[in-house]
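Order of listing sets the numbers, starting from 1, for every ligand and every atom in it. Since the model is a prediction, treat every value here as computed from it, not as a measurement.
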Amino acid sequence: MDRIAIVGGATLEGSIPISGAKNSAIKLMAASLLTDAPLRLTNMPRLADTRFLARLLRRLGTEVTEQDGVDGPETVLHTPEIVSAFASYDLVRQMRASFNVLGPLIARTGHAKVSLPGGCSIGARPVDLHLKALEALGAHIDLNEGYVYAQAPRGLKGARIEFPFVSVGATEHTLLAAVLARGETTLLNAAQEPEIEDLANCLNMMGARIEGAGTATIRVTGVDRLAGGDHAVVPDRIEAGTYAVAAAVTGGCVRLTNCRAEHIQALLSKLVEAGVEVTPTPDGVQIRRGPERLRSVDVVTDPYPGFATDLQAQFMALMTLAAGESVIRETVFENRFMHVPELARLGADITVHGGEARVRGVEALNGAQVMATDLRASVSLVIAGLAARGETVVHRVYHLDRGFERLEEKLSNCGADIRRLKGEEDAA
Ligand code: EPZ
């Protein structure tokens, strides 16, 4: 398995183009199951996760064609008919979001058998809200031997669904099922992430009738069928936020292009508080930091528009070098501090109590061998490595490859000393 080696200390200067959002792209790919016409997704990221989902979709009957369009990578998905409504454990365990094919399969064929995703390194991550919403829409659900068996032979029907707490996945999954349900569906306490608005925009382009996406109340009027069409994937706000933090940790000046600064406002405000200069540009944002030391800043993760849990590990890496003490509270996932012991290997001073980490800034980090535990945790180790003295080697880079496109190239184009080491890593 590959590793990434970084020699820290280089100042980042230049520009980094932001790719399409992974967490939007995979839901948009699932949306293609809802129509027998081709859906062309532009601004597509090329990632391990999009490849996993393409493999599953092909088994269900989708022709998936990746091509280079005039504006960059695109994927055409075409499902003339569903040839199988079965998603096996082997496919779903590789990527949890594969579970989101359940709703479209029921909506289009009236039945499906999809593996439950199981837990993951950042938390238990149940799917009870997804299943309750599908039941509210009229699906009959049985759980047996790790599989969801769903039936709705007479189709789904609209319902009023109030989520007890905000869930991105359950909101998206409900939308994917409700667009073809008879009558009106109302989602209350819906997630407001930009990826949800992106999914709704794509579905509306296909002929769905969704209002209010991006707010806590979404109304869907079901339609009989959806068409295909073209849709550009929203820029990846987590990738943009990650490189903003990377620029802040090394100092220098980096322009992030093809991104939407308003989607990372909570992070940008915290960077400004810490002493980073943030300047909006016509197609993104510029991040500049001078030689002075950063200030410690407290952070609480929250659903959008709050501070993204997917940027918590990266921001913690930044705070390990700031002057003073920073308190970072994680409220979305119960076990999202797996990066803490790895950051400690680089010399960070962090203590964790429950959902709260206290980060006491140190003068310097020192390079070491560290292990990636999940996607965002891995990139926090890269960020720390960019600032550490000497060489840092990040093991288990496959986590990174799930969600960061051409990471080494994008960083080395700005002057980072980072390279991929191909081959074996130590046994676990
Ligand atoms: C999405 O996960 C993202 N994944 C996550 O990014 C992101 O961290 C998360 O939203 C929050 O922003 C994708 O989009 C593929 P949730 P999701 O449902 O939809 C609990 C990354 O690194 N919950 O909003 O799974 C859940 O356990 C990933 O790209 C239930 O209890 O997140 C969590 O504590 C990691 N029951 C909280 O809700 C349910 O049925 C929020 O989860 C559903 C969720």
Test of proximity, [X] against ligand 1: N or O pairs below 3.5 Å:
X      : value
Phe333 : no
Ser167 : yes
Arg125 : yes

What protein heavy atom sits nearest [atom], and how far off is it?
atom                    : result
atom 20 (C) of ligand 1 : Phe165 CE1, 3.7 Å
atom 35 (C) of ligand 1 : Arg336 NH2, 3.6 Å
atom 15 (C) of ligand 1 : Asn23 OD1, 3.3 Å

Please state which option from [options] has its nearest heavy atom closest to [atom].
atom                    : options                        : result
atom 43 (C) of ligand 1 : Ala170, Pro126, Gly169, Ser378 : Pro126
atom 22 (O) of ligand 1 : His399, Arg96, Arg376          : Arg376
atom 11 (C) of ligand 1 : Leu311, Thr309, Asp236         : Thr309
atom 5 (C) of ligand 1  : Asp374, Leu129, Asp128, Asp310 : Asp310

query = Less than 6.0 Å separating the ring centroids of His111 and Tyr149?
reply =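 No; Tyr149 has its ring centre 6.0 Å or more from that of His111.
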
Relative to the heavy atoms of [X], which atoms of ligand 1 are at a distance of less than 4.0 Å?
X      : result
Val332 : 33 (C), 34 (O), 37 (C), 41 (C)
Lys27  : 13 (C), 14 (O), 15 (C)
Leu375 : 22 (O), 29 (O)
His130 : 40 (O)
Val168 : 10 (O), 12 (O), 16 (P), 18 (O), 19 (O), 24 (O)

Side chain, backbone, both or neither: which part of [X] comes within less than 4.0 Å of ligand 1 when only heavy atoms are counted?
X      : value
Glu330 : neither
Tyr304 : neither
Ile122 : side chain
Lys22  : side chain

Looking at [Y] and [X], is there a salt bridge between them, counting it only when a charged N and a carboxylate O are closer than 4.0 Å?
X      : Y      : answer
Arg420 : Asp401 : yes
Glu74  : Arg40  : yes
Glu273 : Lys270 : yes
Asp310 : Lys22  : no
Arg360 : Glu325 : yes
Glu239 : Lys410 : yes
Lys27  : Glu195 : no

task = Start with the C-alpha distance between Phe315 and Phe307, add both sets of side-chain angles, then the distance that settles ring-ring contact (aromatic ring centres under 6.0 Å, His included), and finish with yes or no.
result = CA-CA 10 Å; Phe315 197 79; Phe307 191 100; 5.5 Å; yes

key: Residue-ligand contact Met95/ligand 1, heavy atom below 4.0 Å   =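 Contact absent.
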
message = Are Arg219 and Arg209 packed together at the side-chain level, in the sense that at least one heavy-atom pair is separated by less than 4.5 angstrom?
response =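 Answer no - side chains too far apart.
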
query = Does the side chain of Glu330 come under 3.5 Å of the side chain of Thr301 through a donor N or O and an acceptor N or O?
reply =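 The answer is yes; a qualifying pair exists.
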
task = To the nearest 0.5 angstrom, please state how far the CD atom of Gln94 sits from the OH atom of Tyr89.
result =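 Interatomic distance, Gln94 CD to Tyr89 OH, rounded to 0.5 Å: 10.5 Å.
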
